[in-house]
Undergrad: 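Have a look at this one.
All values reported here derive from a predicted model rather than from experimental measurement.
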Amino acid sequence: MLLSSRGLLIVFAACVHGALAGSVWPKPLNQTSSHKVLLLNPDTFYFEAREYDSSVLQDAFARYYTLIFSSPGYQPTGSQAGERLRSARHEIKRLDVYVHSNDQSLNLNTPESYELTVAAPHSTIEAATVGLLLDTSRHFLPVLIIKDTLDAMAWAKLNVFHWHIVDDQSFPFVSERLPLLSLFGAFSPEHVYTPDDVRDVVAFARARGIRVVPEFDTPGHTLAWGKGYPDLLVDCCDAQGQPTGAKGPMNPARNGTYTLLWSLLREVVERFPDAYLHLGGDEVPFDCWQSNPEVRDWMASAGVADMAALEQRFEERVLGLAAAAGRAYIVWQDVLDNGVQVRDDTVVHVWKWWWPVADGEGQPSTGEAAQCRNGVPAGACELSKGCCPASGMAANDVPGWTHEMARVTQQGYKTLLSSPWYLNLGEMASEDWATFYQVEPLGFEGTREQHSQVMGGEACVWGEYVDATNVISRTWPRAAAVAERLWSDASVRDLDQARARLSQHRCRMLARGLNAEPLGPGFCPGDDLLEV
């Protein structure tokens with residue numbers, strides 16, 4: 001696109017600053033281009049709703065009018081630009097938006113296909129699970145940064161904001177029913193999300209067609225919960241059964257655990273209207289449960305044979321609470337890996353990863369302390385090293401997530417994929433976006449029915465090394481590469497074309513005020529005027 005003093009020129013199939021001008025990201029299923037130049041004049045152009053109208057649609061019209069005409073644009077330069085300006089004899093005065101349903105709810109079945117026809121004097125668009133996880137526990141992210149992220153998501157057609165809102169490090173979610181959770185669990189009284197903050201984020205996301213799915217991880221990753229309610233967590237004990245001073249996961253032997261969770265879940269569903277809750281279930285430290293005499297005594301009295309059976313008891317009760325609160329649920333793959341028999345309607349989120357290696361190199365060693373050559377224990381993961389396959393899982397031919405996707409879908413569960421899209425693990429001085437882009441989420445052995453169980457995927461931005469100073473630049477435009485892979489047809493694979501289009505999309509983000517990082521050497525029109 002080119003911005004002149006008169007208005008916006010829509011230019012197709014023209015090369016501007018090394019990128020395809022006017023190119024779309026993510027790439028639609030079908031696209032036909034021409035060399036015609038059509039003018040958008042801010043004095044005459046307007047949007048108009050057809051069939052159904054709504055406040056959401058009107059807000060979007062106002063937002064995109066501002067993006068088109070008020071944002072810094074691509075300034076035409078040189079003789080070619082002058083020729084394009086002179087050739088723009090045709091003007092688009094109106095964009096008709098046809099919406100075929102007045103249902104404004106957002107859910108898994110909300111259609112997101114569209115058809116856009118560009119022609120003078122009027123153009124039309126017909127509107128008929130692609131997600132991003134953001135971790136606000138390890139570093140607090142202000143609401144304004146979350147809103148910037150949501151804007152960027154909308155520009156890339158990412159439609160699910162997975163809000164990993166609490167974890168071991170902090171509990172910033174303010175609960176009115178359980179106020180001690182944030183009072184003692186947040187980093188400080190200022191580093192919290194109030195009820196008004198949550199409503200603001202949910203409304204902001206909804207206006208952009210984005211669902212907000214909160215995650216309250218249980219029973220592990222809950223140390224911050226225990227700062228306000230210490231009896232919620234298990235005391236880890238030594239060989240003599242005496243507390244070591246360390247806290248473990250939630251105590252599955254106490255009814256008070258489930259009473260507290262029921263109170264919290266009822267409040268969570270009031271704040272977050274989406275049909276799904278993410279309930280975690282990953283990396284539960286069984287050794288702490290096993291060390292605690294109270295837990296062992298309860299297991300004996302209840303006929304619970306081992307740790308897998310104990311986790312199953314816990315998950316059955318927690319998923320039952322979520323269902324009673326009117327929500328469906330998502331859990332991390334660990335729950336299934338540990339042999340827990342979860343409900344048939346559970347969505348399993350696949351996150352563990354390892355990469356193809358030579359025969360035997362990535363296989364765990366045998367014995368009580370089995371581990372891979374990278375030093376990671378069998379079945380475990382470490383942030384910088386990746387994962388070590390659990391016993392019986394191959395690791396010598398394809399990325400490890402493919403085995404997990406096949407196993408989960410074979411058992412009939414719907415699944416989400418995140419394993420190959422951990423943005424926080426990428427190397428800054430590299431084109432890691434290309435690695436994300438080349439993933440095929442259905443690239444695992446399975447039947448057509450198994451592939452139909454894949455609901456989509458999510459890029460993940462974990463918060464160990466990102467905060468408000470760098471989360472936007474580290475996420476964008478790399479997350480947009482994941483968006484196109486999940487949104488566009490599997491045949492869209494050309495890296496050179498993608499690089500050019502993604503570079504332009506990154507320039508578009510800069511023009512709209514987001515400090516998206518570059519893909520490599522080059523420049524964006526107007527970037528000499530940027531204020532950092």
Side-chain angles (χ1 to χ4, degrees), residues 25-26 105-113 129-137 141 145-165 167 198 201-202 204-217 272-282 327-333 346-353 401 404-405 408 413-426 433 436-437 439-442 453-463 466 471-472 474-488:
W25 192 281
S105 63
L106 292 177
N107 54 60
L108 283 173
N109 299 316
T110 300
E112 300 209 22
S113 60
T129 294
V130 183
L132 176 71
L133 177 150
L134 201 61
D135 173 10
T136 61
S137 169
L141 296 177
I145 294 294
I146 294 175
K147 287 183 174 181
D148 283 345
T149 300
L150 291 169
D151 269 334
M153 289 176 65
W155 302 336
K157 292 192 72 63
L158 285 157
N159 59 16
V160 176
F161 173 44
H162 176 168
W163 193 351
H164 189 87
I165 194 168
D167 209 295
V198 171
V201 168
V202 170
F204 192 89
R206 179 179 177 273
R208 287 151 181 77
I210 297 171
R211 298 162 46 213
V212 180
V213 176
E215 180 182 353
F216 288 83
D217 203 346
F272 296 94
D274 196 78
Y276 278 88
L277 291 176
H278 203 304
L279 295 171
D282 61 311
R327 292 295 184 267
Y329 26 77
I330 306 168
V331 297
W332 294 109
Q333 71 174 79
T346 304
V347 177
V348 179
H349 197 162
V350 174
W351 71 275
K352 293 186 178 181
W353 76 100
W401 60 264
E404 186 74 13
M405 293 290 283
V408 170
Y413 294 108
K414 290 188 178 299
T415 184
L416 294 168
L417 177 64
S418 283
S419 303
W421 296 314
Y422 267 43
L423 305 188
N424 54 295
L425 297 180
W433 70 269
F436 303 146
Y437 188 80
V439 170
E440 174 46 61
L442 299 182
Q453 296 292 92
V454 180
M455 296 169 59
E458 292 180 358
C460 295
V461 184
W462 295 99
V466 294
V471 67
I472 294 298
R474 294 302 294 134
T475 304
W476 304 103
R478 296 155 76 238
V482 181
E484 178 155 297
R485 175 50 48 236
L486 288 165
W487 171 264
S488 300

Undergrad: So, for Y276 and V213, which heavy atoms are closest and what is the spacing to 0.1 Å?
TA: O-CG1, 3.8 Å
Undergrad: Between E440 (side chain) and L442 (backbone), is there a donor-acceptor pair under 3.5 Å?
TA: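 Flag set: sc E440 to bb L442 pair under 3.5 Å.
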Undergrad: Among all residues two or more places apart in sequence or in another chain, which pass the side-chain contact (heavy atoms from CB on, under 4.5 Å) test with A481?
TA: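 With sequence neighbours excluded, A481 shows a side-chain contact (heavy atoms from CB on, under 4.5 Å) to W433, Y437, L502, given in chain and number order.
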Undergrad: Rounded to the nearest 0.5 Å, what separates atom CH2 in W332 from atom CG in L416?
TA: 9.0 Å
Undergrad: Taking the side chain as every heavy atom from C-beta outward, state whether E215 and L133 have any atom pair closer than 4.5 Å.
TA: yes
Undergrad: Would you give the length of the straight line joining atom NE2 of H162 to atom SG of C460, rounded to the nearest 0.5 angstrom?
TA: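 One finds 7.5 Å between NE2 of H162 and SG of C460.
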Undergrad: What pairs with H349 under side-chain hydrogen bond (donor to acceptor under 3.5 Å, both in side chains), at least two apart in sequence or on another chain?
TA: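 Expected list: H278, S418.
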Undergrad: Name all residues meeting the side-chain hydrogen bond (donor to acceptor under 3.5 Å, both in side chains) criterion together with D217; count only those two or more places apart in sequence or in a different chain, and write none if there are none.
TA: none
Undergrad: Could you check L134 against V471 for side chain to side chain contact (heavy atoms under 4.5 Å, CB included), going step by step and ending with a plain yes or no?
TA: CA-CA 9 Å; L134 201 61; V471 67; 3.9 Å; yes
Undergrad: Report the C-alpha distance between L150 and F161 in whole Å, list the side-chain angles of each, state the deciding distance to 0.1 Å, and finish with yes or no for side chain to side chain contact (heavy atoms under 4.5 Å, CB included).
TA: CA-CA 8 Å; L150 291 169; F161 173 44; 3.9 Å; yes
Undergrad: Measure the CH2-OG distance between W163 and S137 for me, rounded to the nearest 0.5 Å.
TA: 12.5 Å
Undergrad: For W476, which residues count as a side-chain hydrogen bond (donor to acceptor under 3.5 Å, both in side chains) partner, sequence neighbours excluded?
TA: none
Undergrad: List the steps, then state whether side chain to side chain contact (heavy atoms under 4.5 Å, CB included) holds for L486 with L417.
TA: CA-CA 10 Å; L486 288 165; L417 177 64; over 6 Å; no
Undergrad: Could you tell me if the side chain of V130 sits less than 4.5 Å from the side chain of K157, heavy atoms only?
TA: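 Side chain of K157 against side chain of V130, heavy atoms only: no contact under 4.5 Å found.
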Undergrad: For R208, check side-chain contact (heavy atoms from CB on, under 4.5 Å) against everything at least two apart and list the hits.
TA: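 With neighbours one apart ignored, the set is R63, D151, A154, F204, I210.
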Undergrad: According to side-chain hydrogen bond (donor to acceptor under 3.5 Å, both in side chains), who are the partners of W155, at least two apart in sequence or on a separate chain?
TA: none
Undergrad: Does V461 offer a backbone N or O that forms a donor-acceptor pair with the side chain of D135 under 3.5 Å?
TA: no
Undergrad: I need the minimum non-hydrogen distance between L423 and V482, along with the two atoms involved.
TA: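 It is CD2-CG2, 4.4 Å.
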Undergrad: Taking the side chain from R485 and the backbone from V439, do they hold a donor-acceptor pair closer than 3.5 Å?
TA: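 Yes.
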Undergrad: Distance check, rounded to the nearest 0.5 Å: I146 atom CD1 versus M153 atom CE?
TA: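 If we round to the nearest 0.5 Å, I146:CD1 and M153:CE are 11.5 Å apart.
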Undergrad: What heavy-atom pair brings P26 and A156 nearest, and what distance separates the two atoms?
TA: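 So the minimum-distance heavy-atom pair works out to CD-O, 3.3 Å.
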Undergrad: For the atom pair OG1 (T415) and CD (Q453), what is the distance rounded to the nearest 0.5 Å?
TA: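 These two atoms lie 9.0 Å from each other.
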Undergrad: Do you know the tightest heavy-atom contact between P273 and V202?
TA: CD-CG1, 3.7 Å
Undergrad: Provide the closest heavy-atom pair for F436 versus Y422 in the form atom of the first, atom of the second, distance.
TA: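 Between these two residues, the closest heavy atoms are CZ-O, 4.2 Å.
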Undergrad: ring-ring contact (aromatic ring centres under 6.0 Å, His included) with Y329: which residues, sequence neighbours excluded?
TA: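 Result, ring-ring contact (aromatic ring centres under 6.0 Å, His included) vs Y329: none returned.
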Undergrad: Testing the basics here: between V454 and M405, what is the closest heavy-atom pair and its distance to 0.1 Å?
TA: CG2-CE, 3.8 Å
Undergrad: Quick one: list whatever passes salt bridge (Lys or Arg N to Asp or Glu O under 4.0 Å) with E484, sequence neighbours left out.
TA: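 Listed in chain order: R501.
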Undergrad: Would T475 and V466 satisfy side chain to side chain contact (heavy atoms under 4.5 Å, CB included), going step by step from the backbone distance to the final call?
TA: CA-CA 10 Å; T475 304; V466 294; over 6 Å; no
Undergrad: Would you say W401 and Q333 are linked by a side-chain donor-acceptor pair, where the criterion is simply a distance under 3.5 Å?
TA: no
